[in-house]
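To keep things clear, I will list the structure first and then write my remarks on it.
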Protein chains: 2
Amino acid sequence: MELFTYYRSTSSYRVRIALALKQLEFQSLPVNLLKGEQRAEHYLALNPQGRVPMLKADSGELLVQSPAIIEYLEEVYPQPALLPHDPVQRARARGVAALIGCDIHPLHNVSVLNLLRETGQDEDAVNRWIAHWISQGLEAVERLIGDEGFCFGAQPGLADVYLIPQVYAARRFNVDLGGYPRILRVVRLAEEHPAFVLAHPSRQPDTPAAG
Amino acid sequence: MELFTYYRSTSSYRVRIALALKQLEFQSLPVNLLKGEQRAEHYLALNPQGRVPMLKADSGELLVQSPAIIEYLEEVYPQPALLPHDPVQRARARGVAALIGCDIHPLHNVSVLNLLRETGQDEDAVNRWIAHWISQGLEAVERLIGDEGFCFGAQPGLADVYLIPQVYAARRFNVDLGGYPRILRVVRLAEEHPAFVLAHPSRQPDTPAAG
């Protein structure tokens with residue numbers, strides 16, 4: 001498989017964690033979002049939305065959108081499973097994933113922040129915007145996840161795949177995480193888990209030398 | 001089942017379509033977002049995020065986040081299926097759903113628009129913001145969906161469950177849809193499909209008399 005990725009992209013990071021948890025080999029094809037490579041004609045011809053991540057599956061098909069890519073990986077490479085067997089428990093994990101993927105991350109995506117700046121918001125206002133959505137979302141996540149282990153038990157799963165990149169983004173933006181002891185517990189476990197270490201933005205082929 | 005819903009909420013509308021396509025009976029429990037009922041203490045005790053939709057499953061469990069609720073319905077009530085059998089085709093449908101659910105709808109959610117207003121944006125600026133994200137997203141959807149029938153074939157599926165409420169929102173905000181002939185074709189089919197008619201915001205128990 002090949003993954004069109006950017007080292008610091010939250011949604012690319014999710015897919016890298018899912019691939020690493022399933023111990024799947026893939027080639028990274030970096031797309032430099034700062035240089036605008038996602039808007040190059042040849043990339044838009046493959047992905048009309050001009051975003052990362054995009055996965056070239058074993059079959060050669062190009063798949064877009066991290067939630068769709070991760071569900072694909074779960075279906076085609078079911079072990080180790082990212083989702084439990086019971087439908088209600090699956091819905092709980094997917095609920096946390098969707099809360100992060102729909103109600104937090106899209107609101108601090110680089111294109112959104114750029115449009116805020118274009119409409120006259122200064123950096124202080126942009127930072128307050130970011131902190132508002134991350135804090136409001138993580139507060140709900142804190143109440144929805146479990147009391148021990150990863151988000152929902154001893155093994156990492158779908159909710160962790162979404163949470164760890166979101167926390168990475170929160171720290172980049174200097175959002176205070178002190179009020180979320182459950183989330184910080186999950187973060188500590190992930191810091192020592194080889195799949196999360198492998199997928200980290202600091203260790204990618206396109207990570208800048210100073211990164 | 002019971003659905004905590006608001007007639008005009010895009011994500012509640014999605015779940016209503018999924019329930020109707022599967023011909024599942026449910027009781028509507030309206031939550032008036034304009035009156036702030038989603039922030040009432042008793043509602044927050046059930047749903048810490050204070051949003052709709054929320055589904056009370058047959059088992060009594062409360063499920064949040066429309067993507068998680070819809071996948072739950074698909075797993076527990078598999079027929080008629082909202083997703084095809086082939087994993088790549090499933091990923092294509094989920095990709096369009098995620099594009100709408102992550103990259104369009106969250107950016108014009110009422111809470112986002114209110115924060116824009118609080119930070120000094122006037123109504124013209126808010127309307128330009130809305131049109132920007134809806135147009136950019138639907139342009140990509142237009143390229144990703146098929147040439148006939150619903151988004152991906154003769155029968156409606158997951159992508160349609162997301163697309164039709166998004167088009168409803170686009171029209172409410174007076175976004176021009178003239179450039180999207182494939183999307184408009186799907187809309188015409190949905191307008192005559194009983195499940196989409198049943199789920200429409202104009203026909204809910206909490207639809208205002210003038211609505």
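A note on names: the letters A, B, ... follow the listed sequences, proteins ahead of strands, and every chain is numbered from 1. Basis for what follows: all heavy atoms, side chains included, without hydrogens, waters or symmetry-related copies.
- Side-chain contact between A/E61 and B/R92: present, with at least one pair of heavy atoms (C-beta onward) separated by less than 4.5 Å.
- For B/Q121, the part lying near chain A is the side chain, with the backbone staying farther off; criterion is any non-hydrogen pair under 4.5 Å.
- With a 4.5 Å cut-off on non-hydrogen atoms, A/V112 touches chain B through its backbone and its side chain both.
- Both the backbone and the side chain of A/L99 come within contact range of chain B, judged by heavy atoms closer than 4.5 Å.
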Checking side-chain contact (heavy atoms from CB on, under 4.5 Å) for the pair A/T119/B/L116: CA distance, chi angles, key distance, verdict?
-> CA-CA 10 Å; A/T119 57; B/L116 282 174; 6.0 Å; no
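- Note: B/P48 leads B/S11, B/A97, B/A93, B/P48 in heavy-atom pairs under 4.5 Å with chain A.
- Contact of B/V76 with chain A is made through the side chain alone, with heavy-atom distances under 4.5 Å.
- Most heavy-atom pairs under 4.5 Å with chain B: of the set A/I69, A/L63, A/N109, A/L44, this distinction falls to A/L63.
- For NZ of B/K56, the number of neighbouring non-hydrogen atoms (other residues, nucleotides, ligands) closer than 6.0 Å is 12 at most.
- Across all non-hydrogen atoms, the minimal contact from B/G101 to A/C102 is O-SG, 3.5 Å.
- Residue contact with chain A, scored on non-hydrogen atoms closer than 4.5 Å, is absent for B/H105.
- Around CZ of B/R143, the count of heavy atoms belonging to other residues, nucleotides or ligands within 6.0 Å does not exceed 12.
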For the pair B/D103 and A/R51, evaluate side-chain contact (heavy atoms from CB on, under 4.5 Å) and give the outcome as yes or no after the intermediate values.
-> CA-CA 11 Å; B/D103 293 338; A/R51 297 205 179 190; 3.2 Å; yes
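- Residue B/R128: no heavy atom, backbone or side chain, is found under 4.5 Å from chain A.
- Between chain B and the options A/V64, A/V88, A/L62, the largest number of non-hydrogen pairs under 4.5 Å is found for A/V88.
- Pairing each heavy atom of B/G95 with each of A/Q65, the nearest pair is O-CG, 3.3 Å.
- Residue B/A125 does not touch chain A at all, counting heavy-atom pairs closer than 4.5 Å.
- With a 4.5 angstrom heavy-atom cutoff, A/S111 touches chain B via backbone and side-chain atoms both.
- Counting heavy-atom pairs closer than 4.5 Å to chain A, the top-ranked of the candidates B/A140, B/G137, B/A98 is B/A98.
- Counting heavy atoms from C-beta outward, A/Q49 and B/L144 have side chains that stay 4.5 Å or more apart.
- Heavy atoms closer than 4.5 Å to chain B are found nowhere in A/A57, neither backbone nor side chain.
- Contacts of B/A91 with chain A are made by both backbone and side-chain atoms, with heavy-atom separations under 4.5 Å.
- Neither the backbone nor the side chain of B/E142 has a heavy atom closer than 4.5 Å to any heavy atom of chain A.
- Heavy atoms closer than 4.5 Å to chain A are found in the side chain of B/E75, but not in its backbone.
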